[in-house]
Amino acid sequence: MFRNCFLAVCFCCTLFTSLYAQSGTVNGYTHQLLFNIYTSQPDKTISGFLRSYAPSLYDKKNIPVASGTATETVTSNIEIHSFVFGKHPYFATPFTSGKLELYCQHFSDAKGVQVFDVKLWFEFDNQLEAEMAFSKLVDVFLPISTNKRFSSTNGAQKAEFSDSKGEKGFNKIQFRLTADNLDRRRFKILFETANDL
C-alpha cells in the first residue's frame, strides 16, 4: 500500500514538473540564461555589474534621451564588458566558469552606453560535463521551440531553435559545443541570441 502511494506521488511530481518546464517559451528561458538583464528586474547577482558597465540595462526607467542638434558630431566607441561567474541562478548544471559578454557602443552624448549584442559562455574541464550540459540545454529548448536544427562540423556541435508562436523578444537562439582552441582538454558552450532558421 505504502509503495503504491509513494509511486503515485512520484509520478504526480514528475508529471507536474515536466508540464511546468514545458510551459515556458524560448524567449522566457533565454532571458533567464542572460540573468534577466533585458527585463525590468535583472538578477541580483549581476545588478552591480550592470550599474557600473551598462547603466541603461540597470535602470530602464531613467534612460537618458540624446539631446542636441543634428549638426553636432556624436562619437562612439565599441566596448566589450564581461561578467564572469562561477554559479548561474537558472542553469544548475556543473561548469568550471561562465562569462556573459555585453557588446556595447559607448556614445559621447547623453545616450551613454548601449548594449547591441550579448554572448553567454560556459567552460568545462572535461568533455563529459560539457556534453551533459549541452544535452540539458537541448532538452529544455526542444519542447518549447517550433523549429529546430542540429549540425556538427569538425567535432563541434550546434543546436538552433526558433519559436514562431508570436511572442516578441528572443525567438531565435543557438548554442555550440566546441573544444577550447588553446587547450583541447577543455570545452566550451557558446550561447547566442540569433540563428539562420
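One-based numbering along the sequence shown.
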Subject >> Summary of side chain to side chain donor-acceptor pair (under 3.5 Å) pairs that have at least one residue in residues 188-197, sequence neighbours excluded >> reply: Lys119-Glu192, Gln174-Glu192, Arg176-Glu192
**OP:** Indicate if Phe187 and Phe150 have the same hydrophobic cluster label, given that clusters are the connected sets of ILVMFWY residues with side-chain heavy-atom separations under 4.5 angstrom.
**Re:** yes
Subject >> Tyr38/His31 under side-chain contact (heavy atoms from CB on, under 4.5 Å): CA gap, chis, key distance, verdict >> reply: CA-CA 7 Å; Tyr38 291 108; His31 276 295; 3.5 Å; yes
**OP:** Give a yes or no answer on whether the side chain of Asn27 reaches the backbone of Phe170 with a donor-acceptor pair at less than 3.5 Å.
**Re:** yes
**OP:** Answer yes or no: is there a side-chain heavy-atom contact under 4.5 Å between Phe35 and Leu50?
**Re:** no
Original post:
What pairs with Thr146 under side chain to side chain donor-acceptor pair (under 3.5 Å), at least two apart in sequence or on another chain?
Top reply: Ser164
Original post:
Is there a chain of hydrophobic side chains (I, L, V, M, F, W, Y, each step under 4.5 Å between heavy atoms) that links Trp121 to Phe95?
Top reply: no
**OP:** For residues Ile173 and Tyr29, determine if any side-chain heavy atom of one lies less than 4.5 Å from a side-chain heavy atom of the other.
**Re:** no
Original post:
What are the two closest heavy atoms between Ser162 and Ser145, and how far apart are they?
Top reply: O-CB, 3.3 Å
Subject >> Atom pair CZ/OG1 of Phe122 and Thr96 - distance to nearest 0.5 Å >> reply: 12.0 Å
Original post:
Which is it for Phe161 and Ile144 under the side-chain contact (heavy atoms from CB on, under 4.5 Å) test, yes or no, and what are the steps along the way?
Top reply: CA-CA 9 Å; Phe161 297 94; Ile144 60 177; over 6 Å; no
Subject >> Interatomic spacing from OG in Ser52 to OH in Tyr58 - rounded to 0.5 Å >> reply: 9.5 Å
Original post:
Which residues satisfy the salt bridge (charged side-chain N to carboxylate O under 4.0 Å, His left out) test with Arg186, sequence neighbours excluded?
Top reply: Glu123, Asp125
Original post:
Does a side-chain heavy-atom distance below 4.5 Å link Leu120 with Phe175?
Top reply: no
Original post:
CD1 of Ile80 to OH of Tyr103: how many Å apart, nearest 0.5 Å?
Top reply: 4.0 Å
Original post:
How many angstroms lie between atom CD1 of Ile46 and atom CG of Leu102, to the nearest 0.5 angstrom?
Top reply: 6.0 Å
Atom pairs and distances, donor-acceptor, side-chain atoms in residues 81-90, under 3.5 Å, two or more places apart:
unit_1	atom_1	unit_2	atom_2	d
His81	NE2	Glu79	OE1	2.8
His88	ND1	Tyr90	N	3.0
His88	ND1	Phe91	N	3.2
His88	NE2	Leu33	O	2.8
Tyr90	OH	Asn36	ND2	3.2

Subject >> ring pair (Phe, Tyr, Trp, His ring centres under 6.0 Å) partners of Phe191, counting only residues at least two apart >> reply: none
Subject >> Gap between atom OG1 of Thr93 and atom CZ of Phe124 - 0.5 Å precision >> reply: 7.5 Å
Original post:
Same hydrophobic cluster for Val138 and Leu190, using side-chain heavy-atom links shorter than 4.5 Å among ILVMFWY?
Top reply: no
Side-chain donor-acceptor pairs of residues 129-136 under 3.5 Å, sequence neighbours excluded:
unit_1	atom_1	unit_2	atom_2	d
Glu131	OE2	Gln127	NE2	2.8
Ser135	OG	Glu131	O	3.0

Original post:
From Leu57 CG over to Gln114 CD, what is the distance, rounded to the nearest 0.5 angstrom?
Top reply: 8.0 Å
**OP:** Answer yes or no: is there a side-chain heavy-atom contact under 4.5 Å between Thr153 and Lys158?
**Re:** no
Original post:
Between Val26 and Phe141, is any pair of side-chain heavy atoms under 4.5 Å apart?
Top reply: yes
